[in-house]
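Here is how names work: the chains are called A, B, and so on, in the same order as the sequence lines, proteins then strands, and each is numbered from 1. Quick caveat: nothing in here was measured; it's all calculated off a predicted structure.
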Protein chains: 2
Amino acid sequence: MIDSKVTELLKKTQLSVTDGRRRILELFLQHEGALSHGDIEKKAGEKFDRVTVYRTLQAFLEKGLIHSIPSSDNSIRYALCKEECSEGHHRDDHVHFICNQCGNATCLEELVVPSIKLPRGYTAQQVEVLVSGICKSCSSR
Amino acid sequence: MIDSKVTELLKKTQLSVTDGRRRILELFLQHEGALSHGDIEKKAGEKFDRVTVYRTLQAFLEKGLIHSIPSSDNSIRYALCKEECSEGHHRDDHVHFICNQCGNATCLEELVVPSIKLPRGYTAQQVEVLVSGICKSCSSR
DNA sequence: CAACAAATGCAACAAAGTTGCAAAAAGAAC
DNA sequence: GTTCTTTTTGCAACTTTGTTGCATTTGTTG
Ligand SMILES: [Mn+2]
Ligand SMILES: [Mn+2]
Ligand SMILES: [Zn+2]
Ligand SMILES: [Zn+2]
C-alpha cells in the first residue's frame, strides 16, 4: 500500500501528517520522474492552495525527502531522495536526464557523477551533471 | 578599444547595432563571469526598458553570442560564447562553477565536460556540468 | 478530549515574464 | 544627406510566479 509508505516517510522525517503533504508525497511516489511546482499544482488539483504547495516543497527539501534538479529554463524540478538522504546530509550524486522531446526529467541513480578536477583556488562542494537528449520511452516510439 | 569589438560582434551575427545591444554586450565583455537578467537590468541602469533586456538576451542566445547556465534557484545566468559558437551550433562543452559565497558564476573554459555513458535507450545531445563551491577570489580572502 | 503547536487558506502584495502596438531608430538605396 | 523600408524600442496592460502576515483549522501529545 502506497498510503502507508507515505505516512511512514512523513513520520520518519518528523513532519506532521497532513492531507496536503500526503497528497504531494503520493504524487512523487506514483510518478516516475521529477515534478515541477507547476506539475504538482495541476496534479494536486484545486484541492490545495498554491502557497501550501510552495511551503510543502520547501519543507520536503529541508528534510531531505526531495532534491531539486537545476534547469536552463527557469523551472526547477524535484525528485524523491533515496533512503540515504536526511536533513542536511544529501547524497544525491547521480546524473540527471532531461528529455528534449517529452520534457520529462529523470534521475539516473545508477550513474554516479564523475569527480571534477578544478583549477587551483577552487573548492567543489557539489557537482551536478545534467544530460539532455532523447529519453528511453521517447526513443522506443 | 572595447567599443569596436562590440560593434564587430554584432555585425558578425547580423544583428543591427543599437544602443541597447551595444550596452549589454559591453557588460558581458567587461564583466568577468556570468550575468543574470536581473544583474543586467541593474547594471544597464534606467536607460533601457525591462522588455528590451529580455528581447536582447533572447536575440543574443539565438545568434549564439551568449549561452545560458542552468541553476537550482530559478535565476538563469548568461555568459559570452567563444568564437566557435554560431547560430544553431553551440560548442559550450565546458564546466560551469557557481560560488556558494559570492554567488558569481564562471565558465571554466579549460575544463571540458566528461562524456557520460548513458543507460541503453537514452541518447545524449548535451551535457552540462555544474560545480558549486568556493571560488578562487573568495578562497583567497 | 483538552491544550498546545504547527500547517493551511486567504488576501494582499512584489517580482518576473509576455504581448500588441505606435513611435523611434537603424539599414539600404539613391 | 534624404528618403524609404525594416527592425527595434518603450510603453501599457496583462499573466504568471513567488512571498508574507494573519486568522482559522488541523494535527500531535498527554
Ligand atoms: Mn535525482
Ligand atoms: Mn560557459
Ligand atoms: Zn522523452
Ligand atoms: Zn566566490
Side-chain angles (χ1 to χ4, degrees), chain A residues 3-4 6-28 34-63 65-66 68-78 87 103, chain B residues 3-4 6-27 34-63 65-66 68-78 87 103 105:
Chain A
D3 218 54
S4 55
V6 163
T7 312
E8 180 207 320
L9 277 172
L10 288 174
K11 284 262 170 65
K12 202 172 76 181
T13 49
Q14 301 176 343
L15 284 165
S16 44
V17 183
T18 66
D19 288 357
R21 289 175 178 172
R22 269 223 301 279
R23 182 76 188 99
I24 294 180
L25 192 44
E26 206 176 85
L27 285 178
F28 277 114
L35 296 169
S36 70
H37 173 93
D39 294 336
I40 293 168
E41 239 181 81
K42 275 166 215 130
K43 285 176 200 280
E46 317 295 289
K47 281 211 66 186
F48 304 101
D49 194 84
R50 217 156 47 83
V51 180
T52 303
V53 177
Y54 281 113
R55 293 196 269 225
T56 304
L57 288 175
Q58 191 55 41
F60 285 5
L61 263 184
E62 278 165 11
K63 292 295 186 179
L65 265 178
I66 59 178
S68 65
I69 302 173
S71 87
S72 300
D73 67 341
N74 272 345
S75 75
I76 300 176
R77 274 162 265 222
Y78 304 89
E87 196 156 359
Chain B
D3 218 53
S4 55
V6 164
T7 312
E8 180 207 321
L9 277 171
L10 289 174
K11 285 260 169 66
K12 201 170 76 182
T13 48
Q14 302 176 341
L15 286 165
S16 45
V17 184
T18 65
D19 287 357
R21 289 174 177 173
R22 269 225 301 280
R23 182 76 188 99
I24 293 180
L25 191 44
E26 206 176 85
L27 285 178
L35 295 169
S36 69
H37 172 95
D39 293 337
I40 293 168
E41 239 182 79
K42 276 167 216 131
K43 286 179 199 278
E46 318 294 288
K47 280 210 69 188
F48 304 101
D49 194 85
R50 217 156 47 86
V51 181
T52 302
V53 178
Y54 282 113
R55 294 196 270 224
T56 303
L57 288 174
Q58 191 55 41
F60 284 5
L61 262 184
E62 278 165 11
K63 293 294 185 177
L65 265 178
I66 59 176
S68 64
I69 302 174
S71 85
S72 300
D73 68 341
N74 271 347
S75 77
I76 300 176
R77 274 162 265 222
Y78 304 89
E87 197 156 357

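For A:Arg55 and C:dG9, a side-chain-to-base donor-acceptor distance below 3.5 Å is present, hydrogens and geometry of angles not being considered.
Looking at which nucleotide of DNA chain C each of B:His37 and B:Leu15 is closest to, the 5′-most match is held by B:His37.
One can place CG of B:Asp49 at 15 Å from P of C:dA16, the figure rounded to the nearest angstrom. Distance, A:Arg50 CZ to C:dA12 P: 14 Å, rounded to whole Å. Rounding to whole angstrom units, NZ of residue A:Lys47 and P of C:dA7 are separated by 18 Å. Note: CZ (B:Arg23) to C1' (D:dT9) measures 17 Å, nearest angstrom. To the nearest angstrom, C1' of D:dG18 lies 15 Å from CD1 of A:Ile40. Nucleotide D:dT8 holds its P atom 15 Å from the CZ atom of B:Arg22, rounded to whole Å. As rounded to whole Å, 13 Å separates atom C1' of C:dA28 from atom NZ of B:Lys11. For the pair A:Glu41 CD and C:dG9 C1', the interatomic distance rounds to 14 Å; values are reported in whole Å.
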Evaluate B:Ile24 against B:Phe48 for side-chain contact (heavy atoms from CB on, under 4.5 Å), listing each step before the verdict. CA-CA 10 Å; B:Ile24 293 180; B:Phe48 304 101; 5.7 Å; no

Run the numbers on B:Leu65 and B:Leu10 for side-chain contact (heavy atoms from CB on, under 4.5 Å), then give the verdict. CA-CA 9 Å; B:Leu65 265 178; B:Leu10 289 174; 4.3 Å; yes

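Counting heavy atoms from C-beta outward, A:Phe28 and A:Ile40 have side chains that approach closer than 4.5 Å.
A donor-acceptor pair under 3.5 Å links the side-chain atoms of A:Arg21 to the main chain of A:Ser16, judged by distance alone. Under a 3.5 Å cut-off, the side chain of A:Arg22 and the backbone N or O of A:Val17 do not form any donor-acceptor pair.
For the pair A:Arg23 and A:Glu26, the salt-bridge criterion is met [side-chain N within less than 4.0 Å of a carboxylate O].
Between the OG atom of A:Ser36 and the CD1 atom of A:Ile69 there is a distance of 10.5 Å, given to the nearest 0.5 Å.
Proximity of B:Thr52 to the phosphate of D:dG10: a side-chain N or O atom is located under 4.0 Å from OP1 or OP2. Distances shorter than 4.0 Å separate none of the side-chain N or O atoms of A:Asn74 from OP1 or OP2 on D:dT17. When the side-chain nitrogen and oxygen atoms of B:Ser16 are compared with OP1 and OP2 of D:dT8, one or more of them lie within a distance under 4.0 Å. Not one side-chain nitrogen or oxygen of B:Thr18 sits closer than 4.0 Å to the OP1 or OP2 atom of C:dA26.
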As a check on the pairing definition, encode DNA chain C in dot-bracket form, counting Watson-Crick and G-U wobble pairs whose two distances are under 3.5 Å, and using | for partners outside this strand. ||||||||||||||||||||||||||||||

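For B:Tyr54, the listed nucleotide lying nearest its side chain is C:dA16; candidates were C:dA16, D:dG27, C:dT19. Counting only heavy atoms from C-beta on, A:Val51 has its side chain closest to C:dA11 among C:dG27, C:dA11, D:dC11.
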